[in-house]
Amino acid sequence: MLAIDQFTYGWLTPVLAYVMSVTGSLLALRCMVRARNQQGHGGWIVTGAIALGGTGIWVMHFIAMLGFSVQDSTIRYNVPITLLSAAIAMGVVWLGLYIVVHQHGEAFALITGGTITGLGVGAMHYSGMYAMKTDAMVQYDPWVVLLSLVIAVVAATAALWFTLHVSGILSTVAAALIMGVAVCGMHYTGMFAMHAHMAAHMHSPSGAQPAQLLAPLIIAVSMATMILLFQVGITEIDEPDLSRIRGQYASRFWPARRAGSGPGTDDYPTDTFEARHRQQR
């Protein structure tokens, strides 16, 4: 059996993978706060799915894979399958978020969404592994694979629950840290199921080199995530929708009318100019 090294570059890749998983989770949670507080929440659900599925799960997976190596073996990646794994991650997360948001967080919807999302995350992980081509024979321990899927379902269910109930900054950061541990735990459990052996008549794998394919994709997705996180993080969530107030000037910063003011006094006017002109006539 060939030796498998998950930490070719030491702690660099697992730490970076965890940081990106937490970052994607944090952005997704902030997006879902807005999805819960606004009627037109479809766009926020999509953004949250891209953040969690794209950065929190997919980018985390392939950053960790940059530190993966097999003794005396060459590793290449199939580009279409690699991109398909990203689409799977974002798609299943969107489906899970859509289910729990539109069913108002009911227990059955949470379990259903968590199961679908968790199994989808597992599908993303193993499709990403299938995209990896090597000149060694790769096998998986089915029991450890099953364990990784159970972890994925539990982690996905917890993540969906967080998206429905977490709102404060400190609680959001704490939830993102927990979600990062869960995602990384699922990944390395799945990787522990892998074994590699020398095999006769194995050809050199074709495809893109890991750094050549993954580095540009990871950098692009990570930069977009950081920009979105900065934008979402500095905007006010509970800002009132002043467009609903018709025929008035409104501001939550104006003090209330003083007690005892008569009908003819107007210390803090809210009527429009046209309305006041009609009253004077």
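Counting heavy atoms from C-beta outward, V181 and V22 have side chains that stay 4.5 Å or more apart. No side-chain heavy atom of Q6 sits less than 4.5 Å from a side-chain heavy atom of F192. Between R34 and M32 there is no side-chain heavy-atom pair separated by less than 4.5 Å. Two residues are said to be in side-chain contact when any heavy atoms from C-beta on lie closer than 4.5 Å; M137 and L2 fail this criterion. Side-chain contact between Y77 and K133 is absent, with no heavy-atom pair separated by less than 4.5 Å. Within the 4.5 Å cutoff, the side chain of L27 has heavy atoms near those of the C31 side chain. In this structure, the side chains of M60 and C184 come closer than 4.5 Å at one or more pairs of heavy atoms. No side-chain heavy atom of I4 sits less than 4.5 Å from a side-chain heavy atom of Q71.
In this structure, S21 and V183 approach most closely via the heavy-atom pair OG-CB, 3.5 Å. Across all non-hydrogen atoms, the minimal contact from G114 to A156 is O-CB, 3.5 Å. For the pair S25 and G180, the tightest heavy-atom approach, listed with the atom from each and the gap, is OG-N, 4.5 Å. Across all their heavy atoms, T134 and S73 have their closest contact at OG1-CB, 3.5 Å. Pairing each heavy atom of V59 with each of S222, the nearest pair is CG1-OG, 3.9 Å. Closest approach of S206 and R76 over heavy atoms only: O-CB, 3.7 Å.
If you chain together hydrophobic residues whose side chains sit under 4.5 Å apart, I218 and V79 fall into the same group. Cluster annotation: V138 and I81 are assigned to distinct hydrophobic clusters (Ile/Leu/Val/Met/Phe/Trp/Tyr, side-chain heavy-atom contacts under 4.5 Å, transitive). Linking Ile, Leu, Val, Met, Phe, Trp and Tyr whenever their side-chain heavy atoms come within less than 4.5 Å leaves V100 and L119 in two separate clusters. Both V221 and L84 belong to a common hydrophobic cluster when Ile, Leu, Val, Met, Phe, Trp and Tyr are linked at side-chain heavy-atom distances under 4.5 angstrom. Cluster membership check: V19 does not share its hydrophobic cluster with M179, using side-chain heavy-atom separations under 4.5 Å among Ile, Leu, Val, Met, Phe, Trp and Tyr.
A donor-acceptor pair under 3.5 Å is formed between the side chain of D135 and the backbone N or O of T74. For T157 (side chain) and A155 (main-chain N/O), no donor-acceptor pair under 3.5 Å exists by modelled atom type. No side-chain donor-acceptor contact under 3.5 Å links T112 to the backbone of A109. With T8 contributing its side chain and G67 its backbone, the two residues share a donor-acceptor pair below 3.5 Å.
Once rounded to the nearest 0.5 Å, the distance linking CD of Q212 with CG of L217 reads 11.0 Å. If you take CH2 on W11 and OH on Y18, they are separated by 12.5 Å, rounding to the nearest 0.5 Å. Once rounded to the nearest 0.5 Å, the distance linking OG1 of T117 with CG of L52 reads 8.5 Å. In this structure, I111 CD1 and L160 CG are separated by 11.5 Å, a value rounded to the nearest 0.5 Å. With rounding to the nearest 0.5 angstrom, the CG atom of L66 is 7.5 Å from the OG1 atom of T13.
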Side chain to side chain contact (heavy atoms under 4.5 Å, CB included) evaluation trace for I45 with H102: CA-CA 11 Å; I45 294 177; H102 284 79; 4.3 Å; yes
Chi angles and distances behind the side chain to side chain contact (heavy atoms under 4.5 Å, CB included) call for M129, M65: CA-CA 9 Å; M129 295 304 301; M65 291 305 296; 3.7 Å; yes
Intermediate values then yes/no, side-chain hydrogen bond (donor to acceptor under 3.5 Å, both in side chains), T189 and S148: CA-CA 6 Å; T189 301; S148 70; over 6 Å; no
Side chain to side chain contact (heavy atoms under 4.5 Å, CB included) between T172 and F162, worked out: CA-CA 8 Å; T172 300; F162 284 142; over 6 Å; no
Criterion side chain to side chain contact (heavy atoms under 4.5 Å, CB included) on F68 and I75, from CA distance to verdict: CA-CA 9 Å; F68 174 84; I75 293 177; 3.6 Å; yes
Anything under 3.5 Å between a donor and an acceptor, one on a side chain of residues 85-99, the other on a protein residue two or more places apart or in another chain? List them.
residue: S85; atom: OG; partner: W58; partner atom: NE1; Å: 2.9
residue: S85; atom: OG; partner: T82; partner atom: O; Å: 2.5

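Residues in residues 113-134 take part in these ring pair (Phe, Tyr, Trp, His ring centres under 6.0 Å) pairs, two or more places apart or across chains: H61-H125, H125-H187, Y126-Y140.
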